[in-house]
Amino acid sequence: MIDIRYLRSEPDTVRGLMARRNKPELLGLLDEALGFDSRMRDITAERDAIRQQVNELSKQVGTLRRNGDDKAAEGLQAESRSLGDKEQTLAAETDEVTAKLKDVLLRLPNIPHADVVVGTDDSQNPTITGPMNLPASFPEHQRVAHWDTATALGILDNERAVKISGAMFTMQRGAGATLARALCQYALDSNADAFEEIRPPSLVSTATLTATGQLPKFADDAYSMSKDDLWCIPTAEAPLTSIHAGEVLAEADLPIRYMAHSSCYRREAGSAGRDTRGMLRSHEFDKVEIFSIATPEGAPAMLIELITRVERVIANLGLPYRIIEICTGDMGQSHHRSFDIEVYAPGCDAWLEVSSISWFSDYQARRGDIRMKRTGQKGTEFAHTLNASALAVPRVWAAIMENFRQEDGSVAIPAVLHPYMRGTTVIHAK
RNA sequence: GGAAGGGUGCCAGAGUGGACGAAUGGAACGGUCUCGAAAACCGUCAGGGGUGCAAGCCUCUCGGGGGUUCAAAUCCCCCCCCUUCCGCCA
């Protein structure tokens, strides 16, 4: 959520920053929020004034009763009772307007950082690093789609995955399955120097998915279990963020660094039929996420740290990659500033998004009520959250199949993964 | 899933309708004392919302939500969570 007090005190600044997202309807939402807020404060003030009178009368009733003056007490009770009726009407209206305001605020996206490049869509995302490791040209034997290579090697069996679960599910076998797991282990080990490993729940509550921003607006994208009011996590970001929901953290304990490997579940409601072959898009995939809660002033440095860490993980695999910044028109709902790392896949002839590194400012913290207390100061403020996919398995797996395919159709495994491959350094057909 | 007992501030813990946003103890922080520390003593010590230049004032919050009442931590209802026992189970 954005800060309603910020919007209230500097509406034009917020309008200006939000306009950079190039979504005109957002300005209407801002005005709606301002309207509800103004109304809410008016009736709250009125309601509280009546409550004050009721509280005072009740105190007097108590005193009169104790002194045995029941007749006077009854008079005051009657007076208080009629005030109570008025209070109830106002309270009902307050609740209604508050709910409306909250609904608008939950749907409003985050305010982009002032340095984010303005654009309308992903075609305007600037490349800020690279391309790195990109050869001038690729030999023919690398111009083969990973699904063909992997199916021929017997390490990808999507046909049976579809039989088991339906369209857009994948299944790796043998060295292919080992490779998927090796990538996770490698990504975790690469960040274990500073990040505490977490094994969070994969099924989470509505509140948890609301904190990170998936709900209420993107409910169709998530799998839900209506019997139990639980949701399958689309990313470990959700449970990691809510670890400290409702807590007040000491400034001295920040930044907090967590990492987690999890399966991720996505309905891909808007993209049925797209990227249906191979490993580019599926309903269930594995990912290692790195996550941090930082102070507002510590957040920019943490963003750099996350980018640096993810870049190192990808670069050490030897894959061609580039880093792009997400422009205002392409930014996600919760993002304050965001970067993607893409790897090049010569077989598909496409840049594949394999990691997203994001700074959420206090947007998620406000939704999840994650606060911090400054050393030696009174009061609290919202912390900042940031996260990055350290490694999303399927597309990296696919890029390895295409970049390291050899003339005989086998695939060489990057050296950094060898420790996790049970001795396999090249995947040959069985 | 069934039964019983619980959920109060940073922690422990009192509070069963009115003087309670909450006794008492501990912790923490500030101070006095001290060369310094300990002890002792004094003080501070919840968060949200509204309002105000500010000091302050008002309001809400005792797991969550509803209800009864002039008045609820306290009475009633629903839900959640924790503990123990039983059942089931990898």
Side-chain angles (χ1 to χ4, degrees), chain A residues 1-11 33-106 199-211 225-231 239 242-254 263 362 365-383:
Chain A
M1 271 187 287
I2 65 167
D3 183 358
I4 185 66
R5 275 178 291 192
Y6 179 37
L7 173 62
R8 185 191 302 154
S9 61
E10 297 181 46
L34 281 168
F36 287 138
D37 177 56
S38 160
R39 178 79 191 121
M40 194 267 290
R41 281 182 299 148
D42 286 349
I43 51 183
T44 303
E46 216 178 315
R47 182 201 63 186
D48 285 355
I50 293 180
R51 281 187 178 170
Q52 182 185 0
Q53 293 178 54
V54 170
N55 288 340
E56 267 164 25
L57 285 170
S58 294
K59 267 189 198 140
Q60 290 172 30
V61 170
T63 311
L64 290 170
R65 290 273 185 207
R66 236 171 288 126
N67 297 339
D69 192 348
D70 288 347
K71 196 172 277 178
E74 270 160 40
L76 291 185
Q77 278 177 224
E79 194 182 333
S80 181
R81 205 174 299 136
S82 74
L83 281 171
D85 293 341
K86 235 192 281 181
E87 192 269 348
Q88 268 196 333
T89 313
L90 281 168
E93 201 183 340
T94 309
D95 291 348
E96 189 190 320
V97 176
T98 304
K100 281 181 179 165
L101 175 61
K102 192 178 175 193
D103 182 66
V104 173
L105 287 176
L106 282 175
R199 182 32 265 229
S202 310
L203 304 183
V204 300
S205 68
T206 297
T208 294
L209 222 51
T210 303
M225 274 137 297
S226 52
K227 268 188 197 170
D228 298 292
D229 189 27
L230 287 169
W231 303 77
S242 280
I243 286 176
H244 294 292
E247 297 182 14
V248 179
L249 302 164
E251 183 184 13
D253 293 335
L254 301 179
S263 291
D362 60 2
R366 183 170 276 109
R367 295 166 82 104
D369 189 24
I370 304 165
R371 288 174 292 154
M372 54 170 279
K373 193 180 194 76
R374 300 267 181 198
T375 312
Q377 282 183 34
K378 290 198 75 170
T380 62
E381 63 190 281
F382 289 106

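Within every chain, numbering begins at 1; the chains are lettered A, B, ... in the order of the sequence lines, protein sequences first and strands thereafter.
- The side chain of A:R65 contributes no N or O atom lying less than 4.0 Å from OP1 or OP2 of B:rG18.
- For the P atom pair drawn from B:rC29 and B:rA37, the interatomic distance equals 13 Å after rounding to whole Å.
- A gap of 15 Å separates the P atoms of B:rC77 and B:rG6, to the nearest Å.
- B:rG21 and B:rU32: their P atoms are spaced 35 Å apart (whole Å).
- Spacing between atom CG of A:D228 and atom P of B:rC81 amounts to 11 Å, rounded to whole angstrom units.
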Got a list of side-chain donor-acceptor pairs under 3.5 Å for residues 88-100 of chain A, not counting sequence neighbours?
unit_1	atom_1	unit_2	atom_2	d
A:T89	OG1	A:D85	O	3.1
A:E93	OE2	A:R39	NE	3.3
A:E93	OE2	A:R39	NH2	2.4
A:T94	OG1	A:L90	O	2.7
A:E96	OE2	A:K100	NZ	3.4
A:T98	OG1	A:T94	O	2.6

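- Atom CG in A:L83 sits about 16 Å away from atom P in B:rU69, given to the nearest Å.
- Taking only side-chain nitrogens and oxygens, A:K373 never comes nearer than 4.0 Å to OP1 or OP2 of B:rA46.
- Separation of the C1' atoms belonging to B:rU51 and B:rA14 is 36 Å when rounded to the nearest angstrom.
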Query raised in the report: Can you give one letter per nucleotide of nucleotides 48-62 of chain B, 5' to 3': B if a protein heavy atom sits under 4.0 Å from the base, S if only from the sugar-phosphate, - if neither?
Result: SBSS------SSS--
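- Look at the C1' atom in both B:rA73 and B:rG9: the space between them is 13 Å, to the nearest Å.
- Between A:R65 and A:E74 the shortest side-chain heavy-atom distance falls below 4.5 Å.
- A 6.0 Å sphere centred on NZ of A:K102 holds no more than 12 heavy atoms belonging to other residues, nucleotides or ligands.
- A gap of 15 Å separates the C1' atoms of B:rU83 and B:rG63, to the nearest Å.
- For the C1' atoms, the distance linking B:rU24 with B:rU8 amounts to 14 Å, nearest Å.
- Nucleotides B:rC42 and B:rA54 are separated by 29 Å at their C1' atoms, to the nearest Å.
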